[in-house]
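Reading through the structure tokens given below for one structure.
Note that this is a predicted model, so its numbers are computed, not measured. Note on naming: letters A, B, ... go to the chains in the order of the sequence lines (proteins, then strands), and numbering restarts at 1 for each one.
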Amino acid sequence: MNKDWMDVKEVLDDKYTGKKVNLRGWIHRTRNIGNMVFLNLRDPTGIVQVTVAKDELEEDRFEEVKSLLIESSIKVTGQVVSDQRAPDGFEVRARDVKIVHPANVFPIQEDHSVEHLLENRHLWLRSTRMRNILSIRSTVFGAIHEFFRSKGYKEFQSPIITPLACEGGATLFPVDYFDEEVYLTQSWQLYAEAAIFGLGNIYTIAPSFRAEKSKTPRHLTEFWHAEVEGLWLDNDELIELGEGLVLHIAKKVLEDDRQELENIYKDGVEYLENLEGPFPRITYEEAIDLLKKEGMEVIYGDDFGVPEEKKLTSLFDKPVFVTHYPKEIKAFYMKRDENDPTKVLGYDLMVPHVGELIGGSVRETDVDSLIARLKEEGEDPSNYEWFLDTRRYGSVPHAGYGLGIERVIMWLCNLDHIRDAIPFPRTPNRYRP
RNA sequence: GCCGUCGUAGCUCAGUGGUAGAGCACUCGGCUGUUAACCGAGCGGUCGCCGGUUCGAAUCCGGUCGACGGCGCCA
């Protein structure tokens with residue numbers, strides 16, 4: 001190996017012990033004891049201790065290094081030694097330190113409130129915790145592309161600016177479009193249903209926007225949505241497509257980010273390692289019965305709240321599919337079950353702590369049924385003419401789902417709050433920085 | 001939308017009617033093996049904002065703004 005700059009991780013992996021290295025990065029912490037300075041040098045791969053002795057540097061340079069504040073950027077040349085006194089068993093004895101850019105007083109110290117970290121999110125991204133999470137996030141995005149493309153699905157983009165709603169009840173962010181009111185998209189789905197009859201099976205990863213004042217640990221107003229639409233799929237095939245994606249994501253994160261995952265959540269690794277299909281599948285009615293058996297007061301026809309979700313997911317050691325919900329509590333576009341027209345062919349995939357990870361359904365293709373359901377939801381069907389057209393010209397059975405990517409990350413990392421699953425979270429009370 | 005908690009130094013907090021406090025950070029001094037170093041000194045405030053009660057309000061009362069937490073709704 002012969003290169004100019006080494007990674008901190010390589011030093012900690014014993015690749016350069018006894019040798020000279022060149023490192024560059026940021027001062028994570030610094031301690032000076034007079035004629036010697038201890039620096040913890042951070043780069044994107046890790047943190048290593050650097051010792052700077054007064055004898056080794058020119059006097060002026062030593063005084064400069066001594067006065068550097070946390071987060072100053074530097075280049076270090078020195079020798080790697082194995083030393084039990086160093087935090088990770090290895091340290092770099094500096095021969096030369098070049099100051100790239102001294103830092104002002106860093107606003108984030110050891111004690112910090114949630115609010116302070118959110119105000120300084122642009123600086124908090126340098127933390128080990130955020131670095132680990134964002135690495136896992138990157139892997140999750142890659143895994144989703146990989147999964148769908150390996151199955152022959154093509155990537156299709158819908159507009160972000162749109163004139164119509166999609167999810168009944170969900171509120172839209174209005175946008176002033178040259179004096180007309182349009183909205184930020186809530187979902188890719190309706191446009192996907194137009195594209196599917198030409199392109200075939202498609203998927204996307206795109207932001208979705210929900211103007212709901214949901215002050216919960218599971219909601220963002222702007223979140224990243226992985227959505228898929230497949231031709232000829234029935235509900236069972238759609239379940240397999242959802243299960244396959246979740247399993248593939250978990251596998252990839254274990255492969256590529258095991259260390260990052262362990263840094264955040266030690267128990268997560270074992271849970272994910274043991275995760276395999278098939279996930280349990282129960283109907284809405286069976287879920288109601290289970291909850292009643294557990295002593296909960298649930299009324300048939302009600303959607304599950306947080307207490308019901310918690311109870312239900314606690315009964316299984318894997319994510320659980322709940323199928324065949326009553327049509328009244330689900331979106332207008334879901335197809336009714338021919339065997340029981342009060343139910344829809346669709347499902348939610350639920351996991352502990354997070355709740356719903358995926359919501360999917362077979363799509364209704366009958367124009368009259370769609371119009372009737374739209375009216376029930378208080379929508380004006382004339383706003384949906386182009387969508388209804390997709391059913392008027394040789395529609396075929398099809399199905400799809402949406403997966404909340406931040407919720408997947410929250411689940412994988414066992415995060416207390418979904419806002420840590422995204423670099424700059426947007427919540428009802430926060431849109432800065 | 002509903003319920004709750006909290007706003008005091010750059011940060012984290014104490015102070016519940018009588019002169020505004022601590023730890024950390026920062027500055028200066030000391031120290032060649034520190035691990036959130038340590039020791040000494042210094043700097044640092046319109047107690048969120050508006051109004052009221054009182055001889056006197058960070059403290060009591062009313063309002064307001066903001067943040068956080070929980071519920072509902074959803075992915």
Practice problem: Scan every strand shown for a Watson-Crick or G-U wobble partner of B:C60, both distances under 3.5 Å, and answer none if you come up empty. | Solution: B:G52
Self-check item: Under the side-chain hydrogen bond (donor to acceptor under 3.5 Å, both in side chains) test, residues paired with A:Q157 that sit two or more places apart
Solution: none
Exercise. Between A:E308 and A:K330, name the one whose nearest nucleotide on RNA chain B is closer to the 5' end.
Key: A:E308
Exercise. Flag as yes if A:F38 stacks onto the base of B:G33 (centroids under 5.5 Å, planes under 30°), otherwise no.
Key: no
Quiz item: Looking across every strand, which nucleic acid part, if any, lies under 4.0 Å from A:S208 by heavy atom: base, sugar-phosphate, or nothing?
Solution: nothing
Exercise. Write down the distance between CZ (A:F321) and P (B:A75), rounded to a whole number of angstrom.
Key: 15 Å
Quiz item: Is a donor-acceptor contact shorter than 3.5 angstrom present between the side chain of A:E91 and the base of B:G33?
Solution: yes
Self-check item: A:S214 (side chain) and B:C73 (base): donor-acceptor pair under 3.5 Å
Solution: yes
Self-check item: Selection: residues 419-433 of chain A, any non-hydrogen atom under 4.0 Å of RNA chain B
Solution: A:R419, A:N429, A:R430
Exercise. Check the distance between B:C74's P and A:I329's CD1 and give it to me in whole angstrom.
Key: 8 Å
Self-check item: Strand partner of B:U34, provided both Watson-Crick or wobble distances fall under 3.5 Å
Solution: none
Quiz item: Across the strands shown, which category fits A:V306 at heavy-atom distances under 4.0 angstrom: base, sugar-phosphate, nothing?
Solution: sugar-phosphate
Quiz item: Between the base of B:U34 and the side chain of A:Q49, is there any donor-acceptor pair under 3.5 Å?
Solution: yes
Quiz item: According to the Watson-Crick and G-U wobble definitions, with both distances under 3.5 Å, which nucleotide is paired to B:G72?
Solution: none
Quiz item: For nucleotides 26-32 of chain B, read 5' to 3', which letter fits each nucleotide if B means a protein heavy atom sits under 4.0 Å from the base, S means only the sugar-phosphate is that close, and - means neither?
Solution: SS---BB
Quiz item: With no angle test and no hydrogens, is the base of B:C74 tied to the side chain of A:H219 by a donor-acceptor pair under 3.5 Å?
Solution: yes
